[in-house]
Amino acid sequence: MSQHRRPLPRGPDTMDLPVRFPPKNNSWGASNSTMMAHPESDLMEECLKQDLKFYFMNPCEKYRARHQIPWKLGLQILKIVMVTTQLVLFGLNNQLVVSFKEDNTVAFKHLFLKGYSGIDEDDYSCSVYTQEDVYESIFFVINQYHRLKNISLGMVGYEENKDDRIGLKVCKQHYKKGTVLPSNYTLNIDSEVEIDCIHLDPQVPATENSGHWMNSSFFNLEFYRLLEVEISFNLKGIDLQTIHARELPDCYVFYNTITFNNKAHSGRIKIYFDTEANIQECKGLHVSGSSQKNTQYILMFDVFVIVGCFTSLILCTRSIVLALRLQKRFIRFFLEKYKRRVSDADRWEFINGWYILVIISDLMTIIGSILKMEIKAKNVTNYDLCSILLGTSTLFAWVGVIRYLGYFQTYNVLILTMQASLPKVLRFCACAGMIYLGYTFCGWIVIGPYHEKFEDLSTVAECLFSLVNGDDMFATFAQIQQKSILVWLFSRVYLYSFISLFIYMILSLFIALITDSYDTIKKYQQNGFPLTDLQEFLKECSGSEEYQKQAPTPVTFLCCCQRRGSDDNLILIN
């Protein structure tokens with residue numbers, strides 16, 4: 001095993017420790033008389049050394065040793081191509097779904113919100129300030145709903161709501177009773193909340209029955225005890241743009257809710273428009289052309305991806321099981337021969353983290369592919385979960401390629417630097433995180449009422465993280481309100497101290513830790529890595545040349561599938 005490919009000890013600070021192995025005269029070496037006295041033990045030791053030697057070979061060395069084609073490596077490369085292709089196909093389809101939902105949401109806001117400007121005011125769509133505007137906005141929604149088929153440009157129709165009734169449902173929440181006289185600060189409120197609802201059938205034209213429901217007592221709103229008015233209705237729709245992508249159309253149900261929020265009683269009622277689109281199974285769908293065949297081809301490709309990932313899952317699981325068996329053999333032999341336990345660094349040499357990463361990736365790809373097939377069959381509509389699984393599995397699959405690049409010394413610097421610096425970086429981040437949380441809570445409670453970037457904890461954390469990276473500094477300083485001179489002065493001290501501490505000190509120390517590990521790795525690559533007990537044990541492998549002395553044989557498919565009888569004692573892990 002060449003020096004640049006020997007794995008580093010994985011202890012937190014072992015990069016700076018001296019070589020850890022006992023002197024050869026009393027631990028590693030053995031007298032000829034002792035070796036002659038224990039021929040069976042010597043044979044077991046030699047067999048173990050050869051197994052270890054073969055285990056730590058890379059696929060190219062294993063091929064040169066046994067002329068065995070690295071099927072697992074080829075499968076991983078093929079799997080990367082398959083999962084990436086699957087992700088691209090799903091992403092293109094998902095773009096159509098997202099664009100259709102967003103376009104319909106914008107269209108519904110223009111259709112049902114009176115005076116909608118096209119841009120949401122904040123987290124709500126628009127707001128009203130007079131009682132007349134509230135009544136006009138509510139009646140506007142009802143009239144537009146009844147006239148939908150005559151005014152809408154989209155392919156939408158009426159749908160049953162949760163109560164299995166076709167129509168529009170209006171509910172209002174208000175305090176049970178109360179009296180409010182702001183002029184003399186008189187307040188008498190029963191805090192119990194009542195909910196009243198009314199159902200309007202779209203089959204009845206609004207012009208014929210508008211006088212009845214507009215003049216009903218239900219719409220006589222008492223704003224001093226009104227909390228909110230909620231209008232909900234369901235609509236059906238069909239997405240035809242998927243036909244251009246040679247796929248079958250999607251059918252949707254839009255669950256729309258318009259809320260007039262008056263809980264603050266501040267003189268402004270905020271209007272929220274919320275819509276949730278779910279894909280439903282299309283009934284009576286007849287589309288001629290290549291769309292049906294294209295859908296079948298995609299489903300067949302998904303099945304092929306599942307089979308490939310399941311095969312990879314079995315091979316990687318088998319490799320981990322065999323590695324654990326080899327680890328137990330080495331630990332037991334080391335304890336019996338040298339009367340001491342194997343170090344933790346040597347134990348971790350057998351645990352291949354890349355195999356665990358591949359197994360997780362395979363499981364997520366299999367589950368995501370099954371969900372994708374269910375979505376294609378219109379049985380489920382969980383696009384978010386499917387995209388998370390497929391996206392994460394593709395990420396892990398591409399990250400796993402680094403394992404094979406790590407066999408080359410010039411490409412191995414990133415892996416070794418991350419491996420050496422990770423323990424120190426985690427301890428450093430734990431300490432820096434305490435300071436970061438302190439600034440987060442302090443900024444939220446003090447500056448929050450005067451600065452929109454400090455209104456809630458998540459926004460404060462995002463703002464401070466942007467400041468650490470040098471983003472939007474001047475705007476953060478400039479947007480603080482000067483209503484309180486004391487808070488304004490505190491904000492200056494707060495921001496200057498945070499930026500100076502994290503950029504000039506903490507961030508510089510963070511980079512220094514990684515740079516120090518990189519310099520150490522460069523020195524080790526030039527002068528050799530420290531040897532662990534396991535590596536020193538492998539140096540005595542006298543049978544390592546046997547693989548190189550074997551006569552070369554022609555590489556054929558049948559030859560790769562054959563198993564040599566002389567290699568039955570080896571643990572084969574590719």
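Keep in mind that this is a model prediction, so the values were computed, not measured.
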> Between the side chains of N256 and T275, is a donor N or O closer than 3.5 angstrom to an acceptor N or O?
Replying inline: yes
> Taking S491 for the side chain and W488 for the main chain, is one N or O donor matched with an acceptor at less than 3.5 Å?
Replying inline: yes
> Counting heavy atoms not belonging to Y175, are there more than 12 under 6.0 Å from its OH?
Replying inline: no
> Which class fits the ring pair Y439 and Y494: parallel under 30°, tilted 30 to 60°, perpendicular over 60°?
Replying inline: tilted
> Side chains of L227 and N262: does their closest heavy-atom pair fall under 4.5 Å?
Replying inline: no
> Within the side chain of H174, is there an N or O that forms a donor-acceptor pair under 3.5 Å with the backbone of V193?
Replying inline: no
> Should the ring pair F428 and F510 be called parallel, tilted or perpendicular, given that the plane angle runs from 0 to 90° and is split at 30 and 60?
Replying inline: tilted
>> Quick check against the 3.5 Å criterion: does S500 have a side-chain atom that pairs as donor or acceptor with the backbone of S497?
In response: no
> Taking C-beta and beyond as the side chain, do Q86 and T365 meet within less than 4.5 Å on heavy atoms?
Replying inline: yes
>> I'd like to know whether CE of M505 has more than 12 heavy-atom contacts from other residues, nucleotides or ligands below 6.0 angstrom.
In response: no
> How about Q95 and L92: do any of their side-chain heavy atoms sit closer than 4.5 Å?
Replying inline: yes
> Do the side chain of Y436 and the main chain of A461 share a donor and acceptor less than 3.5 angstrom apart?
Replying inline: yes
> Which pair of non-hydrogen atoms, one from T394 and one from V83, has the smallest distance, and what is that distance?
Replying inline: OG1-O, 3.9 Å
>> Counting neighbours of OH on Y504 that are heavy atoms of other residues, nucleotides or ligands and sit closer than 6.0 Å, is the number greater than 12?
In response: no
> Between the side chain of S99 and the main-chain N/O of L96, is any donor-acceptor distance below 3.5 Å?
Replying inline: yes
> Does some side-chain heavy atom of L389 sit less than 4.5 Å from a side-chain heavy atom of T392?
Replying inline: no
>> Check this for me: L489, atom CG, are more than 12 non-hydrogen atoms of other residues, nucleotides or ligands nearer than 6.0 Å?
In response: yes
>> Is any side-chain heavy atom of Q481 closer than 4.5 Å to one of H451?
In response: no
> Is Y518 close to V413 at the side-chain level, that is, under 4.5 Å between some pair of heavy atoms?
Replying inline: yes
>> Restricting to non-hydrogen atoms, name the atom on G448 and the atom on E455 that form the minimum distance, rounded to 0.1 Å.
In response: O-CG, 4.0 Å
> Judged by atom type as modelled, is there a donor-acceptor pair below 3.5 Å linking the side chain of S517 to the main-chain atoms of L513?
Replying inline: yes
> Out of I138, V141, I271, V134, which residue meets the side-chain contact (heavy atoms from CB on, under 4.5 Å) rule with V229?
Replying inline: I138
> In chain order, what residues pass the ring-ring contact (aromatic ring centres under 6.0 Å, His included) check against F260, with sequence neighbours excluded?
Replying inline: none
> For the ring pair (Phe, Tyr, Trp, His ring centres under 6.0 Å) test, which of Y255, F254, F112 pairs with F233?
Replying inline: F112
> Quick one: CD1 on I198 to CD1 on I231, what's the gap to the nearest 0.5 Å?
Replying inline: 11.0 Å
>> Checking T259 against N261: is there a side-chain donor and acceptor pair closer than 3.5 Å?
In response: no
> Do the charged groups of K114 and D133 touch, with an N to O distance under 4.0 Å?
Replying inline: no
>> For the backbone of L221 and the side chain of Y135, can you confirm whether one donor and one acceptor N or O come within less than 3.5 Å of each other?
In response: yes
>> Whether the Q76 and S312 side chains hold a donor-acceptor pair (N or O, under 3.5 Å, no angle test) is what I'd like checked.
In response: yes
>> Are L467 and L464 packed together at the side-chain level, in the sense that at least one heavy-atom pair is separated by less than 4.5 angstrom?
In response: yes
> Any chance the side chains of S369 and D302 put a donor and an acceptor closer than 3.5 Å?
Replying inline: no
>> With a sphere of 6.0 Å drawn around CZ of F223, does it hold more than 12 non-hydrogen atoms of other residues, nucleotides or ligands?
In response: yes
>> What's the separation between atom NZ in K424 and atom CG in L509, rounded to the nearest 0.5 Å?
In response: 13.0 Å
> Hey, does the Lys NZ or Arg CZ of K172 hover above the aromatic six-ring of F218, less than 6.0 Å from the centre and inside 45° of the axis?
Replying inline: yes
> Taking everything shown except L153 itself, do over 12 heavy atoms lie less than 6.0 Å from its CG?
Replying inline: no
> Do side-chain atoms of N104 reach the backbone of F100 as a donor and acceptor pair under 3.5 angstrom?
Replying inline: yes
>> Once rounded to the nearest 0.5 Å, what's the spacing between atom CD of E228 and atom CD of Q173?
In response: 4.0 Å
> Between F108 and F273, how do the two ring planes meet: parallel, tilted or perpendicular, split at 30° and 60°?
Replying inline: tilted
>> Under a 3.5 Å cutoff, is there a donor and acceptor pairing between the side chains of T459 and W444?
In response: no
>> Does any part of the side chain of L357, heavy atoms only, come nearer than 4.5 Å to the side chain of F396, both counted from C-beta?
In response: yes
> Is a donor on one side and an acceptor on the other found under 3.5 Å between the side chain of S361 and the backbone of S393?
Replying inline: yes
> Between the main-chain N or O of F477 and the side-chain N or O of R492, is there a donor-acceptor pair closer than 3.5 Å?
Replying inline: yes
